[in-house]
Participant: 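First the structure, which I've put down as structure tokens, then a few questions once you've had a look.
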Amino acid sequence: MSAVQNSRVRFAPSPTGYLHVGSARTALFNWLFARATGGTMVLRIEDTDENRNRPELTAAIFEYLKWLGIDYDEGPFYQSERRQQHRQAIQQLLCDGKAYLCDANDNEQPGTELVEGCAVRFRTPEGSTTISDVIRGEVTVEHSQLGDFVIWRSDGSPTFVLANAVDDQDMAITHAIRGEDLLSSAPRSVLLMQALGHTPPVYAHLPLLVNEQRKKLSKRRDDVSLESYRKQGYLAKAMANYLALLGWGPRDEVEIRPMAEVIAQFQLEDVNRSAAFFDLAKLQHFNGVYIRQLDTAELLDVLTPFLESEEVPWSKACYRPEVVVAMVPLVQEKLRTLADIVPQVDWLFCGEPVVDQTSWQKVLVDNKISAEVLDGVIAVLTDCAWEPEIVKEAVFRIGEASGLNRSKSQAPVRVAVTGRSVGPPLFEPMVLHLSRQEVLRRLRRARCCL
RNA sequence: GCCCCGUUCGUCUAGAGGCCUAGGACGCCAGAUUCUCAAUCUGGUAACACGGGUUCGAAUCCCGUACGGGGUGCCA
């Protein structure tokens, strides 16, 4: 059990219009810590930058925190609405001589009042500051490295360090859990808080999330938006579970588990120090496991947006939801993302199947025996009973006559009817959801091309 | 350049001086199963960056080197 009581943590994103996976991981770790320690989670939007102060830039952040299941106890607070408090802090620092005015040429100006057009710099004292980080231990920085940093811009707005420090104090934040990219600025925060007569929070700098080049994930290079992953068909639970394992691992080594168990296992001091690669292959595996855990109704529910999307290859008039209901149990175990459902069922709804050229070439065109198989199948299916078992055995018998095993026998039929060499079990859906005429039409069409 | 942080299988991690001939997971490879592909099951591959210390004993502690990353804005 953690000894920490009454912790107060915050997730303080900048409004960017989307939730970045790295930010989401930071939010998650704050939330895990709060929930594990019975603490309070605060949400604060850091919109000090004027042009970030727009509702449409924050909407996605709220939406995707909710999607992941990260709730908060206080907020959202907006940094832009706290200008008064920031101004007061600056005023106090100026009066105490701990900060000074700077003109446009960066020359120090006398005075203890904010002057329009003048920035304010913190008067960094001699010495060094050591921050105590739960994850990294003690980190010491010489003040000579810090310089007299700007805390108030000449346009009358606070800088990030100032606003962040003042807000953390006012909101009584006890633990600042954030990305390692902020480690360098931590001493400035500590200096500011001390100058304002406050005690800094305990810090915990999380290892960065990196791409295959081992660089910090960035919007420009990498797929970082949570929205993008949702659209690709990842489940929130799989994503949250996966994110929890980046920079942390439970002591019992059980990786895939309900969030309640993650909370029970989570210890901030167990977080490791090295950067973590965001591995899509492992996320896909997690997603597949979570998809298989759903019951049919739940799966159908999350699949629906993908089947009713605009990008689907069939026309809406041909779509038959009842067929999907029948198909879902057959394909559930194959899905790694929700979007995978589309190529499993499209052949049942498209007038002409979506043809995978490689499969068509390899299985039908390049394989001389396919024509023979198709001829035989067409002949038999014309008047056999239209029942899955009968059709299946008929196809296998024809293949056998040509010296083919079951695997080889079904291949030409599958490609002719579905357009692909991979897909759901073939015979049951084909017989139950397509008419005899349609199947024969597709078989003849394929035969004609050979 | 300067400052800071980091370094265990390809990847995510376990490891808190003897339990480590280093464990798990993903990936990959092989086999089983199978109407395809998956899924499933079985087995396998594969790592303590390097060099010095400390210690009876080091993946674990200390120092150095190398490499990687982050920060060095009136961005957050």
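A note on names: the letters A, B, ... follow the listed sequences, proteins ahead of strands, and every chain is numbered from 1. This one's a predicted model, so the numbers in the text were calculated from it and none came from an experiment.
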Participant: Below 30° counts as parallel, above 60° as perpendicular, anything between as tilted: where do the rings of A/Phe427 and A/Phe396 land?
Facilitator: perpendicular
Participant: For B/rG68, which nucleotide is its Watson-Crick or G-U wobble mate, given both distances must be under 3.5 Å?
Facilitator: B/rC5
Participant: Need one value for A/Gly247: base, sugar-phosphate or nothing, where a base atom within 4.0 Å counts as base even if backbone is also close, heavy atoms only.
Facilitator: sugar-phosphate
Participant: Atom CG of A/Leu146 to atom C1' of B/rC3: distance rounded to whole Å?
Facilitator: 10 Å
Participant: Output the rounded distance in Å from CH2 (A/Trp347) to P (B/rC35).
Facilitator: 17 Å
Participant: Determine the Euclidean distance between corresponding C1' atoms of B/rA14 and B/rC48; express it in Å to zero decimal places.
Facilitator: 13 Å
Participant: Give none if B/rG18 has no partner; otherwise give the nucleotide forming a Watson-Crick or G-U wobble pair with it, both distances under 3.5 Å.
Facilitator: B/rC56
Participant: Within this structure, what is the CG-to-C1' distance between A/Asn241 and B/rC12, rounded to whole angstrom?
Facilitator: 12 Å
Participant: Say you pick atom C1' in B/rG23 and the same atom in B/rC9; how far apart are they, in whole Å?
Facilitator: 12 Å
Participant: Expressed in whole Å, how much space separates the C1' atoms belonging to B/rC61 and B/rU54?
Facilitator: 8 Å
Participant: In whole Å, what separates the C1' atom of B/rU40 from that of B/rU34?
Facilitator: 11 Å
Participant: Suppose we call two aromatic rings close when their centres sit under 6.0 Å apart. Are A/Tyr234 and A/Tyr242 close by that rule?
Facilitator: no
Participant: Which base sits across from B/rA32 as a Watson-Crick or G-U pair, both distances under 3.5 Å?
Facilitator: B/rU40
Participant: May I ask you to say what A/Lys408 touches in the nucleic acid, namely base, sugar-phosphate or nothing, with a heavy-atom cut-off under 4.0 Å?
Facilitator: nothing
Participant: When rounded to the nearest Å, what value does the distance between C1' atoms of B/rC41 and B/rC4 take?
Facilitator: 49 Å
Participant: Write down the distance separating the C1' atoms in B/rG51 and B/rC67, rounded off to the nearest Å.
Facilitator: 14 Å
Participant: Starting at the 5' end of RNA chain B and moving along, which residue's nearest nucleotide shows up first, A/Pro13 or A/Ser407?
Facilitator: A/Ser407
Participant: Please indicate whether A/Glu56 has more than 12 foreign heavy atoms, meaning atoms of other residues, nucleotides or ligands, lying under 6.0 Å from its CD.
Facilitator: yes
Participant: Measuring only the C1' atom in each nucleotide, how far is B/rG15 from B/rA32? A whole number of Å is fine.
Facilitator: 34 Å
Participant: Rounded to whole angstroms, how far apart are NZ on A/Lys282 and C1' on B/rG27?
Facilitator: 10 Å
Participant: Are any of A/Arg292's side-chain N or O atoms less than 4.0 Å away from OP1 or OP2 of B/rU40?
Facilitator: yes
Participant: For nucleotides B/rU13 and B/rG73, find the distance between their C1' atoms and express it as a whole number of Å.
Facilitator: 37 Å
Participant: With the threshold set at 4.0 Å, does a side-chain nitrogen-carboxylate oxygen contact exist between A/Glu400 and A/Arg397?
Facilitator: no
Participant: Please state whether the rings of A/Phe29 and A/Phe266 are parallel, tilted or perpendicular, taking 30° and 60° as the class boundaries.
Facilitator: perpendicular
